[in-house]
Amino acid sequence: GAVVSQHPSRVICKSGTSVKIECRSLDFQATTMFWYRQFPKQSLMLMATSNEGSKATYEQGVEKDKFLINHASLTLSTLTVTSAHPEDSSFYICSASPGLAYEQYFGPGTRLTVT
Amino acid sequence: QKEVEQNSGPLSVPEGAIASLNCTYSDRGSQSFFWYRQYSGKSPELIMSIYSNGDKEDGRFTAQLNKASQYVSLLIRDSQPSDSATYLCAVRKGYALNFGKGTSLLVTP
């Protein structure tokens, strides 16, 4: 149980374009989903927390107009990187939780490369 | 002071030995602690969670928590080459997790 999927696993895009990443909980309802970013040899940095049906809460320093998060259902959250630039190239990982007091289960990650 | 600190390693142990991974945290009010394993290029995988002082065992893994010392550790018994990975310590902060930078473990045959 507790399987989380992400799509796509890898994406290459040109500077200035937008990219959408999907995160799905496959066998449980995720009231809360989290989006992390990980640069090479660094730890995971939380970008935002989203609750189903509510606006996402962004961490300090994360531009909410650049990283659009939608959590429209209990099994799906999306992250859209708008007007991507090379410095946005990173490993984006989502996690999902059945509730705030439960463990988080991570998706396999999406490697974004902006050329 | 970083909120969650780990020695980056690498920690090298021979196959069959016990690997000991350590983590300290700064928020004395923290209540939930987790160990994740991350292979290169992959996302983290939950190994253990621990919420109260003492030891918690699951197979070859034992998590130890000492809230007075603000210290969490993970012991891996009978280490295998397949255990070679980066181990991330995470402390719950509000609704999210605060991660350490991870300790790289290398188990040599």
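Every chain is numbered from 1, with letters handed out A, B, ... down the list of sequences.
The shortest side-chain heavy-atom distance between B:Y36 and A:Q104 falls under the 4.5 Å cut-off.
Residues from residues 57-67 of chain B never place a non-hydrogen atom less than 4.5 Å from a non-hydrogen atom of chain A. Annotation: residues 87-96 of chain A contacts chain B through A:F91, A:I93 [non-hydrogen atoms, separation under 4.5 Å]. Within residues 83-91 of chain B, the residues approaching chain A closer than 4.5 Å by heavy atoms are, in numerical order, B:L88.
If you take CZ on B:R92 and CD on A:E103, they are separated by 7.5 Å, rounding to the nearest 0.5 Å.
For chain A, the option among B:S8, B:S49, B:S104 with the highest count of heavy-atom pairs below 4.5 Å is B:S49. Contacts with chain A were tallied for B:P44, B:G102, B:S40, B:G41; B:P44 has the most, counting heavy-atom pairs under 4.5 Å.
Using a 4.5 Å cut-off between heavy atoms, B:Q6 does not touch chain A at all. The contact between B:F99 and chain A is made by backbone and side chain atoms together, counting heavy-atom distances below 4.5 Å. Only the side chain of A:Q38 comes within less than 4.5 Å of a heavy atom in chain B; its backbone stays farther off. With a 4.5 angstrom heavy-atom cutoff, A:L44 touches chain B via backbone and side-chain atoms both. Both the backbone and the side chain of B:K101 come within less than 4.5 Å of a heavy atom of chain A.
No more than 12 heavy atoms of other residues, nucleotides or ligands shown are found within 6.0 angstrom of NE2 on A:H7. The neighbour count for B:K56 NZ, taken as heavy atoms of other residues, nucleotides or ligands under 6.0 Å away, is above 12.
Hydrophobic clustering, with ILVMFWY side chains joined whenever heavy atoms are under 4.5 angstrom apart, keeps A:F106 apart from A:M47. Follow the hydrophobic side-chain contacts under 4.5 Å out from A:I69 and you never reach B:L97; the two are in separate clusters. Note: the hydrophobic cluster containing B:L46 also contains A:F28 (ILVMFWY, side chain heavy atoms under 4.5 Å, direct or indirect links).
Listed by chain and residue number, nothing satisfies the salt bridge (charged side-chain N to carboxylate O under 4.0 Å, His left out) test with A:R37 (two or more places apart in sequence, or in another chain).
Closest heavy-atom contact between B:S43 and A:P108: OG-CA, 3.4 Å.
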